[in-house]
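The chain is numbered in sequence order, starting from 1.
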Amino acid sequence: MKIELKCSCGDGNCPEWAIVELQGMIEVQPCFKDCIQNLEIGILCRTSSEENYTFTVGYHELSGTKMKLKKPYLVLKKKRTILDSVSDEEEDIGKPKSPKTETELEVIGIIRHRILFKTRPKPLISKPEVFVKEKKKTSTTAVPMVQ
């Protein structure tokens, strides 16, 4: 079977992707089990240097580094097209016409780096806001007495 690769983004202009590699598991709350596609799980930030990253998930912060892969990976999207033409051999035999499909793989990205988070997460503890209570001033005013 022949599968063709197509790249519609031009020569060397494919979007750059990266692999985010974590130690452990990310568990989804039960209310999101059925709809995890496009679910935001955290915030990925690059620090001052090009190689260091932080990933904040809820009240946890992970620190990681960017590493180059030995061999790049391609991100592919599978496309199937239905061909209407039938070969001459099938017409001669008298077989019913069945649609033929052709499979193509489209390149939608290339992965050259991975961001590795290999340390345990650091808990983020927020400080409670401090409210200053003002003392009530008691005023002493004389109220005249009526007899």
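Here the NZ-CD1 distance, from Lys71 to Ile111, works out to 15.5 Å after rounding to the nearest 0.5 Å. One finds the CD1 atom of Ile115 at 10.0 Å from the CG atom of Leu22 (value rounded to the nearest 0.5 Å).
Heavy-atom minimum distance, Ile108 versus Trp17: O-NE1, 3.9 Å. In plain terms, the two heavy atoms of Pro123 and His60 that are nearest each other are CA-ND1, 4.3 Å. In plain terms, the two heavy atoms of Leu62 and Thr119 that are nearest each other are CD2-O, 4.0 Å. For the residue pair Leu44 and Val20, the shortest heavy atom distance occurs at CD2-CG2, 4.5 Å.
Between the side chain of Thr47 and the backbone N or O of Asn52 there is at least one donor-acceptor pair closer than 3.5 Å.
The salt bridge (charged side-chain N to carboxylate O under 4.0 Å, His left out) pairs that include a residue from residues 52-61 are Glu61-Lys122, where partners are two or more places apart or lie in different chains.
When the side chain to side chain contact (heavy atoms under 4.5 Å, CB included) test is applied to His113, the partners found at least two apart in sequence or on another chain are Glu16, Lys66, Lys68. Under the rule for a side chain to side chain contact (heavy atoms under 4.5 Å, CB included), the partners of Arg114 that lie at least two apart in sequence or sit in another chain are Ile19, Glu21, Met67, Leu69, Leu116. Residues satisfying the salt bridge (charged side-chain N to carboxylate O under 4.0 Å, His left out) test with Lys79, not counting sequence neighbours, are Glu106. Every residue two or more places apart in sequence or in another chain was checked for a side-chain hydrogen bond (donor to acceptor under 3.5 Å, both in side chains) with Lys118, and none qualifies. Qualifying side chain to side chain contact (heavy atoms under 4.5 Å, CB included) partners for Lys78, counting only residues two or more places apart in sequence or in other chains: Arg80, Thr103, Leu105. In this structure, the ring pair (Phe, Tyr, Trp, His ring centres under 6.0 Å) partners of Phe117, at least two apart in sequence or on a different chain, are Phe55.
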>> For a side-chain contact (heavy atoms from CB on, under 4.5 Å) check, start with the C-alpha distance between Val75 and Ile110, then their side-chain angles and the critical distance, and finish with the verdict.
In response: CA-CA 6 Å; Val75 181; Ile110 188 164; over 6 Å; no

